[in-house]
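Only one structure is covered here, and it is reproduced in the block below.
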Amino acid sequence: MKFGIDKIGFYIPKYYIDMRELATMRGIDPDKFTYGLGQDEMSVPPLTQDMISLATNAAYNTISEQDLNDIDLVILATETGSDFSKSGSTSIVSLLGINPKSRCIEIKQACYSATAALQFAKNHLQSNDDKKVLIIASDISRYGLDTSGEATQGAGAVAMLITKDPSLLVLSDKSSYFSEDVWDFWRPNYSDTAIVDGHYSNEQYQRFFNQTFEDYKEKYDRQNSDFDAFLFHIPYTKLGRKTLINYINPSKEIINTFNQSTLFNRKVGNIYTGSLYLSLISLLYNADLDANARIGLYSYGSGAVGEFFSMKLVEGYQDALDPNLPHQFDTREKLTIKDYESMFTAELVSDGSHMILPDDNETFQLKEIKGHRRYYQKN
Ligand code: CAA
């Protein structure tokens, strides 16, 4: 039986900044951000869009009324959780009206956990093949104003519906994974910004790629030329490009496909768990691949876990894509760097007091915090 991605969609906040303007404000050559890091714009979330509302909006953009009844497992993959106990997916199930006879969890392993969720989903469907699994990868990437990581922030969520006989991509059983205790990037419970050893994290990302890709090829007797496209976790697009060039010796076609797979990421920035899957969406919307094209995917989560795995495109996949989804980019509002800084430093209450947030006119938003509880609203 075949399992894989039947639907995929995303949601990004309605605000963004221009990376060249950010560089100028910080006294940095703008080419460093656009060419050196490969980022043009960066999504900025208002206080009304937390990880849970981003995730709910992404799922709303992706699934149908029928899917609400058929889903019986919801996995929220995130490293921006707001609660150590209650999973964000319990809020999402009620906000969207998903069948309450569902299992709901939130999982964490830095930017890797949505990939683990995919494998869990496949296993679940093997014994529940009339059901569907909703996976949402949702994050807000924060390093702090005027830090070396500032240019690699971002915010957004990707939702995927995993089913039997999917319309978009079939997930292969073949996979190679590798884990090791590495302190390259982490965020202690008491901090709302990440701690990172930037250059070391780049080295670990590439070392884990080499480890998992070589292991995959050896285990399954595969060659570089067996793949029609390579997708990467994209903290910033230049790192994916460097890894592709350094380890794969790519053809012009493969480089061209890689460029198409990073068009959306260049405009959004790092969305941690969703970054690899936003790159997949960018590929599906911007490249023209044949049915049965084999796509190699590299997932990396600092700390660290890496996995190389593959999917095959389904015949007629283009017909299963919602043509309106990318229009989100057309309606975004550009912020000045000063306005971005104010948005970045705005804080939700954490002392149990009552806070009411303004309407933001997005489909779902955080509306109120009262007695340490978060309340969401559908606009
Ligand atoms: N014109 C063109 N290019 C320029 C330039 C200019 N004027 N100035 C610099 N550059 C180039 C540099 O040559 C360099 O390119 P190479 O990587 O090809 O050498 C690139 O711009 C970046 O320059 P620096 O290395 O000097 O930049 P930096 O020291 O300020 O930091 C960073 C870059 C380490 C990525 C930093 O932004 C950071 O720490 N980011 C967060 C960590 C991160 O994203 N790590 C990725 C791996 S970990 C992971 O993937 C998990 C995750 O999501 C966090």
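Being a predicted model, the structure only gives us computed values, none of them experimental. What you see below is based on every heavy atom in this structure, not just the backbone, and it leaves out hydrogens, waters and symmetry mates. We count ligands from 1, going down the list as the structure has it; atoms in each ligand are counted the same way.
Counting heavy atoms from C-beta on, the side chains of Thr90 and Ile92 never come closer than 4.5 Å.
Side chain of Thr243 to backbone of Leu239: a donor-acceptor contact under 3.5 angstrom is found. Using a distance-only test at 3.5 Å, with no hydrogens or angles considered, no donor-acceptor pair links the side chain of Asn270 to the main chain of Gln153.
For atom 23 (O) of ligand 1, the closest non-hydrogen atom of the protein is Lys32 CE, 3.6 Å. Asp31 CB, 3.4 Å is the protein heavy atom nearest to atom 1 (N) of ligand 1. The shortest contact between atom 29 (O) of ligand 1 and any protein heavy atom is with His199 NE2, 2.9 Å. Counting protein heavy atoms only, atom 19 (O) of ligand 1 is closest to Lys242 NZ, 4.0 Å. Of all protein heavy atoms, the one closest to atom 45 (N) of ligand 1 is Ser201 OG, 2.8 Å. The shortest contact between atom 22 (C) of ligand 1 and any protein heavy atom is with Leu37 CD2, 3.9 Å. With hydrogens left out, the protein atom closest to atom 42 (C) of ligand 1 is Val196 CG2, 3.5 Å, a heavy atom. Of the protein's non-hydrogen atoms, Asn202 OD1, 3.2 Å is the one closest to atom 46 (C) of ligand 1.
Comparing His233, Lys238, Arg187 against atom 15 (O) of ligand 1, the shortest heavy-atom distance belongs to Lys238. If you check each of Ala23, Ala194, Gly198, Ser148 against atom 36 (C) of ligand 1, the one with the closest non-hydrogen atom is Ser148.
Ring orientation note: the planes of Phe329 and Phe10 are tilted relative to one another, at an angle of 30° to 60°. Below 30°, between 30° and 60°, or above 60°: for Phe208 and Tyr300 the angle between ring planes is above 60°, a perpendicular geometry. The aromatic rings of Tyr205 and His233 sit tilted relative to each other, their planes meeting at an angle between 30° and 60°. Using cut-offs of 30° and 60° for the angle between ring planes, the Phe227 and Phe230 rings count as tilted.
Near Tyr143, the atoms of ligand 1 lying under 4.0 angstrom from a non-hydrogen atom of the residue are 41 (C), 42 (C), 54 (C). Under a 4.0 Å criterion applied to the non-hydrogen atoms of Tyr205, ligand 1 contributes the atoms 50 (O). Those atoms of ligand 1 with a heavy atom of Tyr236 less than 4.0 angstrom away are 35 (C), 44 (O).
Polar contact check, Asn270 against ligand 1: a nitrogen or oxygen pair lies under 3.5 Å apart.
Side chains of Asn57 and Glu362: no donor on one and acceptor on the other come within 3.5 Å.
Using a 4.0 Å threshold on non-hydrogen atoms, atom 32 (C) of ligand 1 does not count as touching the protein. Distance check on atom 12 (C) of ligand 1: every protein heavy atom falls at or beyond the 4.0 Å cut-off. Within the 4.0 angstrom cut-off, atom 3 (N) of ligand 1 has one or more protein heavy-atom neighbours.
Taking the centre and axis of the six-membered ring of Phe3, the NZ or CZ atom of Lys122 falls outside the cone set by 45° and 6.0 Å. Figure legend: Lys334 and Tyr15 shown without cation-pi pairing, the cationic atom not lying both under 6.0 angstrom from the six-membered ring centre and within 45 degrees of its axis. In this structure, Arg142 forms a cation-pi arrangement with Phe344, its terminal cationic atom sitting closer than 6.0 Å to the ring centre and no more than 45° off the ring axis. Annotation: cation-pi pair Lys238/Phe258 absent, no NZ/CZ under 6.0 Å from the ring centroid and within 45° of its normal.
Using a 4.0 Å cutoff on heavy atoms, Ser302 counts as a contact of ligand 1.
Proximity of Gln204 to ligand 1, defined as any heavy-atom pair under 4.0 Å, is not found for any part of the residue. Contacts between Cys111 and ligand 1 below 4.0 angstrom, taking non-hydrogen atoms only, involve the side chain exclusively. Residue-level proximity to ligand 1 for Thr152 is carried by the side chain, the only part with a heavy atom below 4.0 angstrom.
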